[in-house]
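First comes the structure, then the notes that go with it.
A, B, ... follow the sequence lines: proteins, then strands. Residue 1 opens every chain. In what follows, every heavy atom counts, from backbone to side chain, and hydrogens, waters and symmetry copies are set aside.
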There are 2 protein chains.
Amino acid sequence: MITIYDLAKKTGFSSTTVSKALNNYPDVSQKTRQAILQTATEMGYLPNAHAQSLSTKKSWTIGVMFSEANEVGLKHPFFSAIIESFRKHAEKEGYDLILASRNLRSRDTSYLEHFLYRGVDGIVVISSDPKDEQVQEMINSNLPIVVIDMTNSNCSVVLSDDLSGGELAINYLHSLGHTKIAHIAGDATIHAGKERIQGYKKAMNKLRLPTPNEYLINGGLFSIEEGRQAMAKLLDLPDLPTAVFIAGDHMAIGAMEIAKSRGVKIPEDLSIIGYDDIEMASYVTPKLTTVRQDTDYLGVRAAQLLIKQMVQKKKIITEDIIPVQLIERESCGPLKKQK
Amino acid sequence: MITIYDLAKKTGFSSTTVSKALNNYPDVSQKTRQAILQTATEMGYLPNAHAQSLSTKKSWTIGVMFSEANEVGLKHPFFSAIIESFRKHAEKEGYDLILASRNLRSRDTSYLEHFLYRGVDGIVVISSDPKDEQVQEMINSNLPIVVIDMTNSNCSVVLSDDLSGGELAINYLHSLGHTKIAHIAGDATIHAGKERIQGYKKAMNKLRLPTPNEYLINGGLFSIEEGRQAMAKLLDLPDLPTAVFIAGDHMAIGAMEIAKSRGVKIPEDLSIIGYDDIEMASYVTPKLTTVRQDTDYLGVRAAQLLIKQMVQKKKIITEDIIPVQLIERESCGPLKKQK
DNA sequence: CACATTAACGAAAGCGCTTTCGATACAGAG
DNA sequence: CTCTGTATCGAAAGCGCTTTCGTTAATGTG
C-alpha cells in the first residue's frame, strides 16, 4: 500500500502538501498540484478510507437495515427494488451501502450499535413494523435516518399513498359495476395494512356500499400462503363478493391460486386487484391488475432525504407520500349480469 | 463518542490495558478485566471500526459486486437469493457486506480500486460474463475473491452443475416420450449458457436423438423478452418440436406467454422445462417445471470459500460445482399420441 | 526602501486503536 | 537472602490521513 508519505518522498514535498493537493486545497500552487497528482497516478496511489474516516469523522457509507419480521430480506422483490434504486442514487452522491447485522463479531448487539461501530453517516431502514424496537432505537439516536414503508413522527419517512391506493382500487372495481367488494387486508398493526383498509372503507362509504365484517379479512403479513388461506375463508362465505381488493400481490397470487382451484373463474366470477406490482404480477394467469408502488421513486426519494439530512447535519422530520398508480391487466372484469 | 482513553481515565488503568482487556489478552488480570468491561458497558463504550481497521489492517468487511451487464443488480431474484444466503453466512462469521460502485466520489474508478480504497478483506462477485474486465482485474489482484456463476482458472469459483442440469432436463423430457426436443439457450459466451447447451447436446447424443440447428436457438441474456422472441422464432419452424428445454426461467416464462398466445397448449402441445427455479416459476400457469439451482448453498459455499482464503491468507484456486435438482411441476407432459 | 499582503508550504497534533517491548512486583527455588 | 520466573501493567510508536497554525518568500504599495 502506498501512502501520502511515499508521494511526499517522491515529489519532495511534505505529506501535508500532498494531502492538500489531493484534496484541492487552495494553498498549493498549480504546478505542485500537477506534479503530485501525476506521481500519484504513476505510483498507483489510493487513499485509505479508514484513515480518512478516522480523521474526518465521515465515512461516506450508509447503513441499510431490513425489517427482519418477514425474514426474506433482500429476496423480497419489493424491498430489493427499493434498495436497488436507493443504491443507485446514493452511489451517485458518493456513498456506499453497508449491510450490517445484529451481531458484532461473536457478540450480538443492536443494529444501532453495529452502525455506530461502523461509523456510517446515515441509516436507511425498510420496515413495515412500526413497533420494531431495533428501528425505534435507531430513530431515537441522532444518526441521520430515513425509514421506508412505515410512519413515525420522529424522523423522515417515505411511503406510498396507500390510502389513495385503496380508494383507487375500490373505485376502479366500482367503475366495473361491482358493489359487493371484499378486502383481504394486510395486518392492521402495519401501516401499509391499515392505510389500505382505510382506503377501502373510505371509498366504500363514499360510494354507499356495504362493508360487512366478513368481507374484511386479515391476511396477515402479505405472504402467498396467507393469501391462500384468506381466499379460502372468503370463498366459504354464503354470500360471495364479486370482487376483492387484496393488499399485496403475493397474497393476491396465493388467493388467485385457491380461487382457481375451487373453480371460480377470474375475472368472470371474481375480480381481483392486488397491490405493489411486483414482477410476477405480469406473468401469472390471468395477469394481475394491481396498484403499483413506485419503487424507483421511493428509493431515490429516501436517498435524497437522507443525504439532505447528512449534509445539513440536522434531523428532518417529514413524511413523503409517493403516489401510486393503477395498472390494469386481466384479473378484473365487469360485473356479470345477474341471472 | 467514548474511547478507550475515557475508559482508562475512569478505571485508572492505561489505555493499553484497557485495549488488552477488551481484546482478551492474557496479560491482564481477571479483576481488572472485569472492572474495565464493566465500566465499558456502563459508559456505553463502542469500538471504532475505522480506527481498528487502520491499526489491524483488517476491516471485517466483504465487498460485493454484481455484473452490471444485465443491469438488474439486486433486483434479479436469482442473484439476490444468492447474496442473501451469502450474507447470512458471512454475518455469522462477523463480516459485513459493502456494496460499492464504480465511482469513487465524483471520480470514477474500477471496482477493484474502490474495494482497495474501502479496505475490504475480500470480494464476492456474481457475474456470468467471463470477459468482464472489471472482474478480471479483481481476480488478478491479490485480494481474496470468490466468483459465482462463471468459471475462471485463476480463482475460487462456485457454480451450478449446469452440464448435468442440461442432461437432467433432456433425460426427463425423454422419459416423457419426447424425441423432438429444442433448446432455447443462453448466450454461449456465458458459462451457464454454454454448459447448458453442452448438457443438452450430450444428453441428446447419448439418446441418439437429432439436434437440428433450428432447434437450438440463442435466447441471449436470459430475459423474459428474449424468451418471447426465441419462442416466436421456434414456433415459426415448419417442423415443431414437442418439448423445449429453456436455459432460464425468465426466458421460459416469456416463451410460455408467446406459446399460449399462439394457441399452443402447454404441456399438451408442447412441454417446457425451465432453469433456475425462481419464485415466479411456481405461480405461472401452468406451473413451470424446472431445474433448480441451489441458491442457498451457492451462497454459503461461496462465503465459506472466501472466508477460508481470508483466514489462511492464501489464494485458493478451485471450482465448486453445486448439484442441481429437477423440480417437476406442470409444464411438461407425456408425448401425445401421434394421430 | 520600509512595510503590509498574499501565496505556498510544512511541522505537528490528533483521529481511536493495537502491539511490541520494557518495567515492576511478587512468587517460589536454591 | 539472592536469583529466576511469572503475572500484570504501561510507554510509546505506529496505522494513513486531515487540519490548524506558523513560517518563509515573493509581491505590491506608498
Any idea which of [options] is nearest the [X] side chain?
X     : options                : value
B:S14 : D:dC15, D:dG10, C:dC9  : D:dG10
B:S55 : D:dT19, D:dC15, D:dT18 : D:dC15
B:T17 : C:dG16, D:dG10, D:dT18 : D:dG10
A:T3  : D:dC9, C:dC15, D:dC17  : D:dC17
A:Y25 : C:dC17, D:dC15, D:dT19 : D:dT19

Say whether [X] and [Y], considering side chains only, have a donor N or O and an acceptor N or O under 3.5 Å apart.
X      : Y      : answer
B:T32  : B:S29  : yes
A:D96  : B:H114 : yes
A:T17  : A:S14  : yes
B:Q134 : B:S110 : no

Identify every side-chain donor-acceptor pair in residues 4-12 of chain A under 3.5 Å, counting partners at least two apart or on other chains, and give the distances.
| residue | atom | partner | partner atom | Å |
| --- | --- | --- | --- | --- |
| A:D6 | OD2 | A:T3 | N | 2.8 |
| A:T11 | OG1 | A:L7 | O | 2.8 |
| A:T11 | OG1 | A:A8 | O | 3.4 |
| A:T11 | OG1 | A:F13 | N | 3.4 |

Roughly how many Å is it from [atom1] in [X] to [atom2] in [N], rounded to a whole number?
X     : N      : atom1 : atom2 : value
A:Q52 : D:dT18 : CD    : P     : 5 Å
A:L46 : D:dC15 : CG    : P     : 18 Å
B:I4  : D:dC9  : CD1   : P     : 16 Å
A:Y5  : C:dG10 : OH    : P     : 13 Å
A:K58 : C:dC15 : NZ    : C1'   : 17 Å
A:L7  : D:dC17 : CG    : P     : 8 Å
A:H50 : D:dG14 : NE2   : C1'   : 16 Å
B:D6  : C:dG14 : CG    : P     : 15 Å

- Tell me whether the OP1 or OP2 atom of D:dG16 has a side-chain N or O from B:K57 closer than 4.0 Å.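 For D:dG16, OP1/OP2 do have a side-chain N/O of B:K57 under 4.0 Å.
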- Message: It should be established whether B:N23 places a side-chain nitrogen or oxygen under 4.0 Å from OP1 or OP2 of nucleotide C:dT18.
- Response: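 Checking B:N23 against C:dT18: at least one side-chain N or O falls below 4.0 Å of OP1 or OP2.
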- Message: In the structure I gave you, are the side-chain heavy atoms of B:D320 and B:L159 within less than 4.5 Å of one another anywhere?
- Response: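 No, too far: nothing below the 4.5 Å cut-off.
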- Task: Decide yes or no for A:F66 and A:S127: does some side-chain heavy atom of the first lie under 4.5 Å from some side-chain heavy atom of the second?
- Result: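 Answer no - side chains too far apart.
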- Item | Polar side-chain contact A:K20-C:dG10 base: donor and acceptor under 3.5 Å |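 Such a pair is found, so the answer is yes.
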- Query: Ignoring hydrogens and angles, does a donor from either the side chain of A:T16 or the base of C:dA12 sit under 3.5 Å from an acceptor on the other?
  - Reply: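 Yes, a donor-acceptor pair under 3.5 Å.
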- So which of residues 27-34 of chain B are in contact with DNA chain D, with a heavy-atom cut-off of under 4.0 Å?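 The answer is B:D27, B:V28, B:S29, B:T32.
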- Might you work through the side chain to side chain donor-acceptor pair (under 3.5 Å) test for B:Q34 and B:Q38, ending with a clear yes or no? CA-CA 6 Å; B:Q34 289 300 337; B:Q38 164 101 17; over 6 Å; no
- Message: Under 4.0 Å, counting only non-hydrogen atoms across every strand here, what does B:G12 touch: a base, just sugar-phosphate, or nothing?
- Response: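 If one applies the 4.0 Å heavy-atom cut-off, B:G12 turns out to touch the sugar-phosphate alone, with no base involved.
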- For B:T56, answer base if it contacts any base atom (sugar-phosphate contacts may also be present), sugar-phosphate if it contacts only those atoms, and nothing otherwise; contact means non-hydrogen atoms under 4.0 Å.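 Counting heavy atoms under 4.0 Å across all strands, the contact made by B:T56 is with sugar-phosphate only.
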